[in-house]
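Here is how names work: the chains are called A, B, and so on, in the same order as the sequence lines, proteins then strands, and each is numbered from 1. Note: hydrogens, waters and symmetry copies are ignored here, and every other heavy atom, side chains too, is used.
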There are 2 protein chains.
Amino acid sequence: MDIKEYPKPAVTVDIIIFTVINNNLKVLLIKRGLEPFKGKWALPGGFVRIDESLENAAKRELVEETGVKDVYLEQLYTFGEPKRDPRMRVITISYFALINSKNIELKPQTDAYDVNWFDAYETPDLAFDHKKILEYALQRLKWKLEYTTVGFKLLPKRFTLGQIQNLYEIIFNRRFDKRNFRKKVLSLGLIEKTSEKTKNVAHRPAALYSFKKKMGEIIEII
Amino acid sequence: MDIKEYPKPAVTVDIIIFTVINNNLKVLLIKRGLEPFKGKWALPGGFVRIDESLENAAKRELVEETGVKDVYLEQLYTFGEPKRDPRMRVITISYFALINSKNIELKPQTDAYDVNWFDAYETPDLAFDHKKILEYALQRLKWKLEYTTVGFKLLPKRFTLGQIQNLYEIIFNRRFDKRNFRKKVLSLGLIEKTSEKTKNVAHRPAALYSFKKKMGEIIEII
DNA sequence: TCAAAAGTGTTGTGTGTACACCCATGT
DNA sequence: ACATGGGTGTACACACAACACTTTTGA
C-alpha cells in the first residue's frame with residue numbers, strides 16, 4: 001500500500017509561554033477570532049509548515065507573539081486525541097517557554113485580536129484541550145524548578161534573592177524558609193553579588209545578584 | 001486562509017520496546033523490507049490512522065509486534081526534522097515500552113521480515129534517525145529508573161533481589177553496593193518476600209520476591 | 001516610630017556511601 | 001573442595017529542615 005493513501009492529520013504547535021509579572025506567574029493567551037471556539041482564549045500556536053522543523057515552528061510563533069528570541073524553549077508533549085479539534089484531526093506538539101518579562105514586547109495593541117497575560121492558575125475557560133495542556137505545562141514547570149535551575153530564566157538580569165524565593169513560592173504555592181532557601185541557592189554557585197542594591201524600597205535595600213557567565217550549559221543539567 | 005491549504009506532514013508512531021533477556025537490556029528492532037533503508041534495522045512503528053489516538057496507535061504496533069498488552073507505555077518525544085525521511089515530511093511521535101520477557105510472544109518466524117532483540121547499547125546501524133531516538137530513550141530509561149520504580153516492569157512476577165540489582169547495573173552500566181542496594185529497594189515497601197526460593201542454582205538459593213498489590217498507582221509517582 | 005523585607009548560624013534528623021565476612025548450593 | 005551468588009550491620013559524611021532576632025530603609 002502506498003503511503004500516500006493514508007489520510008493525514010493536520011499538525012500544529014502550541015506554546016505555553018510563562019513569565020513572572022508583579023510576583024505572579026503568568027501565561028500568554030490569545031483570544032480566538034475565528035470558529036471554532038471564537039471568542040475563547042487559547043494558547044498561541046499554528047500550523048507547522050511543510051519545510052520547517054517543529055522547534056522552528058514554535059520559535060516562529062514565539063517571535064510573532066512576543067518579539068523575543070533568546071528564551072528557554074523545550075518540547076512538552078504531543079496531544080493527538082481524534083476529537084480534540086471539532087473540524088478535523090489535528091495533532092499538536094506543545095512547547096513550553098520561559099521568558100523574563102523585561103524582554104517582552106507584546107504586540108496586542110497593534111493587532112486586531114487580543115493577546116494577554118493571565119495568572120497561570122486562574123485562566124478563563126480555554127479553547128480545545130488547552131486547559132489540559134496548560135496543566136501539563138504547570139506540572140512540568142514545577143518539576144523543572146525542583147530538579148534544575150531553568151526557573152532562573154524567568155528572572156531579569158539583576159535580581160534579589162527575595163525575587164528568586166518569591167518565584168519559587170508562587171510556582172510551588174508554598175512558603176520556604178528564608179535562610180535555608182538562600183543557603184541552597186548560593187551553594188549552587190551560579191550567581192554572584194553585584195555592587196548594586198535595590199533603590200527606593202520601603203525597607204532595607206537588597207543586594208542585586210547576576211548570573212555568572214557560562215550559565216548556558218549548567219542550566220541544562222537534566 | 002483555509003486550513004486545508006496547508007500541505008500536511010505524514011504522522012507516524014515509533015516504539016522503543018525494552019526488555020531484559022539473559023541479564024542484558026534488549027531493544028526490539030525490525031528489518032525493513034522496503035525502500036528507503038531496505039535491509040536496515042529500524043524501530044517498530046507505523047502510520048497513525050486518522051481516527052485512532054496516538055497512544056492507541058502505539059499500542060496497536062506493540063501488540064502486532066510482540067503480542068503483549070499489559071505493559072508500561074509512555075510517550076517519549078516527537079521528532080520532526082524536515083529531512084528525517086527522504087520520501088516526504090514525516091513527523092514521528094515516539095513511545096517507549098517496558099515489558100518483561102516472559103510475556104513476549106515474538107512472531108518473527110511467521111512473518112516475512114525479520115524481527116529481533118538486540119543489545120540496546122550495541123545495535124547495528126539504524127534507519128532514519130532511529131539511532132538518535134534510541135539514545136533518547138536510553139537516557140529517559142536511566143532517568144526513570146533513578147527517580148521512579150517503573151523499571152520493575154522489566155522483571156518477571158517472581159524475582160530475586162539480585163535480579164533487580166543486575167537490571168540496574170546493566171542499565172546504568174556500573175556496579176552498586178549489594179547491601180546498600182537491598183536496603184534501598186526493601187525500604188520502598190513495594191515488594192515482599194514469598195515463601196519460595198530459586199531452585200537448581202549453583203550457589204545458595206535466593207528468596208523470591210513479588211510486588212505488593214496496588215503497585216499501579218505507586219509506580220507512577222512522577 | 002512603624003511597617004516591611006533583608007540579612008544571618010546552629011542543631012538535629014535522615015539519607016547515601018563505604019566497607020568484609022559467612023552461608024547454601026551445585027559441580 | 002571449590003566456585004558462585006545470597007545474605008547481613010555499622011560508621012561517617014552530607015543534605016535538608018526547623019528555628020529568631022537584628023538591620024536598613026521609606027512613609
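- Across C:dT8, D:dG26, C:dT17, the shortest atom-to-atom separation from the side chain of A:N200 is found for D:dG26.
- None of A:T123, A:T19, A:D119 except one satisfies the side-chain hydrogen bond (donor to acceptor under 3.5 Å, both in side chains) rule with A:K26; the exception is A:D119.
- The aromatic rings of A:F181 and A:F176 sit tilted relative to each other, their planes meeting at an angle between 30° and 60°.
- The CD-P distance, from A:E169 to C:dA5, rounds to 12 Å in whole Å.
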Let's go through A:Q165 and A:E169 carefully: what are the C-alpha distance in whole Å and the side-chain angles of both, what is the deciding distance for side-chain hydrogen bond (donor to acceptor under 3.5 Å, both in side chains) to 0.1 Å, and is it a yes or a no? CA-CA 6 Å; A:Q165 185 168 349; A:E169 290 181 343; 3.0 Å; yes
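- Comparing A:K178 and A:A202, the nucleotide of DNA chain C nearest to each residue sits closer to the 5' end for A:A202.
- Between A:D177 and A:P205, the residue whose closest nucleotide on DNA chain D is further toward the 5' end is A:D177.
- Atom OH of B:Y147 and atom P of C:dT15 are 16 Å apart (whole Å).
- What separates CD of B:Q163 from P of D:dT4 is a distance of 19 Å, to the nearest Å.
- Distance, B:R204 CZ to D:dC2 C1': 17 Å, rounded to whole Å.
- Heavy-atom nearest nucleotides on DNA chain C were determined for A:L208 and for B:H203, and the one closer to the 5' end corresponds to A:L208.
- When the C1' atom of D:dA18 is taken as reference, atom CZ of A:R175 falls 15 Å away, rounded to whole Å.
- Here D:dT8 presents its P atom at 15 Å from CZ of B:F181, a figure rounded to the nearest Å.
- Counting non-hydrogen atoms under 4.0 angstrom, A:K184 reaches the backbone sugars and phosphates but no base.
- Between B:N180 atom CG and D:dT10 atom P the separation is 14 Å, expressed in whole Å.
- Taking the six-membered ring where the residue is Trp, A:F159 and A:Y209 present parallel rings, their angle staying beneath 30° rather than reaching 60°.
- As a whole-Å value, the separation of B:L161 CG from D:dT8 C1' is 12 Å.
- A close approach under 4.0 Å does occur between a side-chain nitrogen or oxygen of A:R182 and OP1 or OP2 of C:dG7.
- Of the possible donor and acceptor atoms, none in the side chain of A:T78 sits under 3.5 Å from a partner among the backbone N and O of B:T78.
- Map A:R179 and A:K199 each onto its nearest nucleotide of DNA chain D; the residue landing nearer the 5' end is A:R179.
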